[in-house]
Amino acid sequence: MNIKIKESVQDLAYFGGSKLLSEPKSTSSLVQPDYDNFLQYSKQFFNRQFYTNNGVLVQLLEKRLAEFHQAEFCITVCSGFWALALAMTSLAIKGKQEIIMPSLTYRRMADIAAWACLKPRFCEVDPQTLAVSSNTVSACINDQTALVLAVHPIVNCCDIEGIVQLGVEHEIPVLFDSVESMYESENIGKVGKFGDAECFSMHASKLLNGFEGGYITTNDSKLTHKLKRLRTFGFEGPDNCTIPGGLNAKLNEVHAAMALANLDVIEQVVVDNKKRYMQYRKQLSRIPSIRLLEFDEKYKTSYKNIVVELLEDWSLDRNKTVALLNGENILARVYYYPPLHQKPMSYPFVPATLKDTDQISSRFMLLPCGDFVTTDDIDDIVELLAFIHVKQDEIKKNIERKEDINHTN
Ligand SMILES: *Cc1c(COP(=O)(O)O)cnc(C)c1O
């Protein structure tokens, strides 16, 4: 245990004490592959002087990712954002307007729908798993539904089979946002081959780091053809922009090199993640007012994200808890807050009353994880949480006093 752990509430960095961790520790993966391996891949495109536009490394990466996900096709793009926007545009039923998506999700999701000219209809998530289910999605289906966007939560998967089945019954396409479930498997197989398509991100903070980047997996060859055109200006043959809505959303070769080098070591990354997760699980079991969202270990899981719920006995406000931790260089984050249906928006959406989501949205947070977090850091983080819990009443008073002073000044 760290000897620097606070003696009194005044020693918290939030109140002017020194920071518990000497370096900021975030919730991003930030894994670095072997440098020589990255260079080895990079030489292939560099020597050819072929830097982008469906180069050798992009093709290799697409082949390897399709195999990894047991899907027939993989189409890489420049970000997860454009993977989603292009997949939404391609899959939505023409003439219908609404896309069903959870409200408690990635903060830019409604904006992505706006790029695809779709109107979000927000659905609930299950308060225990934080995942959409066939029930919560089904409650939102109507004759304007153009597409279901089933987003996997940060820990574990949503009910893939139930939602796919629902889509089949109602003849509505189903797109998965599988960014947080890139490595997961279920009884029915590896994430990546379900529904009409699945979208992924290779942003540096995600499990597979390609600096930036994204991709779509699917078993549909027509969709693959269309997406490959859309990401390349809508070209059909040289200088012939036939497909409307074409963009420049290509992945370039150096990003593909980084992603390939990281894909080579993904199993080791998961082993390291598991060590951190196990340490959190062991230590957090000492604090009954905090519930760790446990990974379902029956099938493959990435052990990447550490998500906790603050239970009733944790009376300090979640946002203030995060602020206290951030003060100590512990870059904990609120879990998808505010939920999308509570945010002011400048484009069309269907207003929603979501009681479960409202409740859940003030209770969960993410704790630091990824390459920079050591087991000693985890011991310190949990020790500090235990300290905060014991002193929570005194801390609340001190925060109020501090806010009063700030107001009167
Ligand atoms: C990060 C993220 C995205 C967007 O990916 P980018 O590559 O950063 O554009 C989409 N969905 C989820 C769930 C994400 O976490």
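The first residue in the sequence is number 1, and the count goes up from there. As the structure lists them, so they are numbered: ligands from 1, and atoms in each ligand from 1.
- Here Leu84 has side-chain heavy atoms under 4.0 Å from ligand 1, and that is the only part of it that gets that close.
- Contact atoms of ligand 1 toward Val179: 2 (C), 10 (C), 11 (N), 12 (C), 13 (C), 14 (C), 15 (O) (distance under 4.0 Å to a heavy atom of the residue).
- Both tests do not hold together for Arg318 against Tyr335: distance to the six-membered ring centre under 6.0 Å, angle to the ring axis within 45°.
- In this structure, the ring of His69 has its center less than 6.0 angstrom from the ring center of Tyr215.
- Among protein heavy atoms, the minimum distance from atom 9 (O) of ligand 1 is reached at Phe81 N, 2.9 Å.
- Lys96 and Glu171 are not joined by a salt bridge, as no carboxylate oxygen comes within less than 4.0 angstrom of a charged side-chain nitrogen.
- For Tyr106, every heavy-atom contact with ligand 1 shorter than 4.0 Å involves the side chain, none the backbone.
- Gln342 and Asp358 form a side-chain donor-acceptor contact under 3.5 Å, judged by distance and modelled atom types alone.
- Distances shorter than 4.0 angstrom occur between a heavy atom of Gly213 and an atom of ligand 1.
- At a heavy-atom cutoff of 4.0 Å, ligand 1 is contacted by no atom of Met202, backbone or side chain.
- Heavy-atom contacts from other residues, nucleotides or ligands closer than 6.0 Å to CZ of Phe372 number 12 or fewer.
- For the pair Ser201 and ligand 1, the shortest N or O to N or O distance falls below 3.5 Å.
- Residue contact check: Glu180 has heavy atoms under 4.0 Å from atoms 15 (O) of ligand 1.
- For the residue pair His203 and Ser201, no side-chain donor N or O sits within less than 3.5 Å of a side-chain acceptor on the partner.
- Using a 3.5 Å distance cut-off with no hydrogens or angles, the side chains of Tyr303 and Glu297 do pair a donor with an acceptor.
- With hydrogens and angles left out, the side-chain atoms of Thr145 and Glu98 include no donor and acceptor closer than 3.5 Å.
- With a 4.0 Å cut-off on non-hydrogen atoms, Glu212 does not touch ligand 1 at all.
- Protein heavy atom in closest approach to atom 12 (C) of ligand 1: Asp177 OD2, 3.5 Å.
- In terms of polar-atom proximity, Lys206 is counted as a contact of ligand 1, with an N or O under 3.5 Å from an N or O of the ligand.
- Considering backbone and side-chain atoms alike, Gly80 places an N or O below 3.5 Å from some N or O of ligand 1.
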